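The next block holds one structure in the form of structure tokens; read it before the comments.
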There are 2 protein chains.
Amino acid sequence: MAYKDNKGLIGGICEEELLDLADLFKMFSDSTRIKILYSLFDGEKNVSEICENIDMNQSAVSHQLKLLKSSKLVKSRREGKTVIYSLADDHVETIIAMGKDHIEE
Amino acid sequence: MAYKDNKGLIGGICEEELLDLADLFKMFSDSTRIKILYSLFDGEKNVSEICENIDMNQSAVSHQLKLLKSSKLVKSRREGKTVIYSLADDHVETIIAMGKDHIEE
DNA sequence: TTATCATATGAATGCTTGTTCATATGAGTA
DNA sequence: TACTCATATGAACAAGCATTCATATGATAA
């Protein structure tokens, strides 16, 4: 188990895990990042394609991709000159779907 | 339906809905707010009880409760001198559970 | 009414963070 | 090698935001 025993803590969750949770949701809290994730819903894309798709410049997208990757929400592989990004797992779509459920109620 | 037709937009979602989504997840992106939500998992509480539970001062908690309420994640009712807060619906727990799944993987 | 408890709110402050600009790195090609 | 395309990165700036402090509002009790 990655986290400490949950003793004497809010709702049975330790401070460290709480901060990690907040950091995770922080990734979904910016519209540029959500756009990037959304644009990967229909399959992997290289950086240029993502830029074009969401209409943002390369540097901004690259910075955000770095954050998304460090949060393990996307993964990447190099293919020649380009780098191809894709969703890391299906939690991403599930979390966003839950969010949509809420705001569409 | 609350949102416009999804035409020619990223992954079939309109800009407005995207911003709302980001705003929703922003609510989960702060550890104080997650603590508050967590502390409501086992039932409604008044403000003082929440403060005590998460060890934060009344003003900070009140400010965050206001945000959580405006995002419809919590609801409140007055009972005499106190105001009692509770989770607005079960999306909250589901979303947080998904987040935990991800970071605990 | 006055006093007190519980909660809300406005302003100020300091920290965080997304974007931009310039530049660097990495890979392919001639 | 030199040149170009694709991506990454560092620094700087501006905007956003969580907390604190002081104060206001709302409700009960005396």
Side-chain angles (χ1 to χ4, degrees), chain A residues 10 15 18-40 44-88, chain B residues 10 15 18-40 44-88:
Chain A
I10 298 139
E15 185 77 18
L18 226 71
L19 292 173
D20 286 349
L21 250 188
D23 283 342
L24 172 67
F25 286 119
K26 207 167 289 176
M27 290 302 109
F28 296 92
S29 74
D30 174 73
S31 65
T32 297
R33 284 191 294 267
I34 296 200
K35 283 180 189 172
I36 292 175
L37 294 173
Y38 244 101
S39 102
L40 295 175
E44 55 181 26
K45 289 186 174 61
N46 66 41
V47 179
S48 306
E49 289 169 334
I50 296 172
C51 292
E52 202 176 347
N53 199 290
I54 73 171
D55 194 35
M56 287 260 157
N57 76 72
Q58 183 269 321
S59 183
V61 169
S62 195
H63 279 296
Q64 298 307 333
L65 281 169
K66 184 175 185 171
L67 293 176
L68 289 170
K69 194 176 177 186
S70 74
S71 297
K72 299 204 171 74
L73 295 177
V74 304
K75 57 184 195 283
S76 70
R77 68 172 198 280
R78 185 172 270 280
E79 200 158 274
K81 279 190 289 192
T82 75
V83 177
I84 299 178
Y85 283 84
S86 56
L87 297 178
Chain B
I10 298 139
E15 185 76 18
L18 229 79
L19 292 173
D20 286 349
L21 250 188
D23 282 343
L24 172 65
F25 286 120
K26 205 168 291 176
M27 289 301 112
F28 294 92
S29 74
D30 174 73
S31 64
T32 298
R33 284 191 293 267
I34 296 201
K35 283 180 190 173
I36 291 174
L37 294 173
Y38 244 102
S39 100
L40 295 176
E44 56 181 25
K45 289 186 175 60
N46 65 42
V47 179
S48 305
E49 289 168 334
I50 297 172
C51 292
E52 200 177 347
N53 199 292
I54 72 172
D55 194 35
M56 287 260 159
N57 76 70
Q58 183 268 321
S59 183
V61 169
S62 194
H63 279 295
Q64 299 306 334
L65 281 170
K66 183 176 186 169
L67 292 175
L68 290 170
K69 195 176 176 184
S70 74
S71 296
K72 298 204 172 76
L73 294 177
V74 303
K75 57 184 195 288
S76 69
R77 68 173 199 280
R78 185 171 269 281
E79 201 158 272
K81 280 189 290 191
T82 76
V83 177
I84 300 179
Y85 284 83
S86 56
L87 298 177

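Everything numeric in this text was worked out from a predicted model, so none of it was measured. Letters A, B, ... are given to chains in the order of the sequence lines, protein chains preceding strands, and every chain is numbered from 1.
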Practice task
Please state whether the phosphate of D:dT7, meaning OP1 or OP2, lies under 4.0 angstrom from any side-chain nitrogen or oxygen of A:Ser48.
Solution key: yes
Completion exercise
Result for 5'-nearest mapping on DNA chain D, choosing between A:Lys81 and A:Lys66, is A:Lys81
Handout entry: Donor/acceptor link under 3.5 angstrom from A:His63 side chain onto base of C:dT20
Key = yes
Practice task
Name the nucleic acid region contacted by A:Ser62, choosing base, sugar-phosphate or nothing; use a 4.0 angstrom heavy-atom cut-off, strictly under.
Solution key: base
Handout entry: Polar contact flag, side-chain donor to acceptor under 3.5 angstrom, B:Lys45-B:Ser39
Key = no
Fill in the blank from the handout: Per atom distances to the B:Lys26 side chain, the nearest of D:dA8, C:dT7, D:dC17 is D:dC17
Handout entry: From A:Thr32 atom OG1 to A:Lys35 atom NZ, the distance as rounded to the nearest 0.5 Å
Key = 5.5 Å
Handout entry: Interatomic distance, B:Ile34 atom CD1 to B:Ser29 atom OG [nearest 0.5 angstrom]
Key = 8.0 Å
Exercise for the section: Return no unless some side-chain N or O of B:Tyr85 is found under 4.0 Å from OP1 or OP2 of C:dA8. Expected result: yes
Practice task
Quick one: label B:Ile50 by what it contacts on the DNA or RNA (base, sugar-phosphate, nothing), any heavy atom closer than 4.0 Å.
Solution key: nothing
Enumerate donor-acceptor pairs with a distance under 3.5 Å from any side-chain N or O in residues 51-62 of chain A to protein atoms, sequence neighbours excluded.
from	atom 1	to	atom 2	distance (Å)
A:Asn57	OD1	A:Ser59	N	2.9
A:Asn57	OD1	A:Ala60	N	3.0

Practice task
Take atom CZ of A:Phe28 and atom C1' of C:dG18, then tell me their distance rounded to the nearest Å.
Solution key: 18 Å
Problem - Close side-chain approach of A:Ile50 to A:Leu40, heavy-atom, < 4.5 Å - result: yes
Practice task
Round to the nearest Å and state the distance from A:Leu67 atom CG to D:dT7 atom C1'.
Solution key: 15 Å
Practice task
Rounded to the nearest angstrom, tell me the gap between atom CG in B:Leu65 and atom P in C:dA8.
Solution key: 7 Å
Fill in the blank from the handout: The correct set of residues in residues 54-61 of chain A placing a heavy atom under 4.0 Å from DNA chain C is A:Asn57, A:Ser59, A:Ala60
Exercise for the section: Answer yes or no: does a side-chain N or O of B:Gln64 lie under 4.0 Å from OP1 or OP2 of D:dC17? Expected result: no
Handout entry: Carboxylate-amine/guanidinium contact A:Glu44 A:Lys75, below 4.0 Å
Key = no
Exercise for the section: Please determine if a side-chain N or O atom of B:Arg78 lies less than 4.0 Å away from the OP1 or OP2 oxygen of C:dA6. Expected result: no
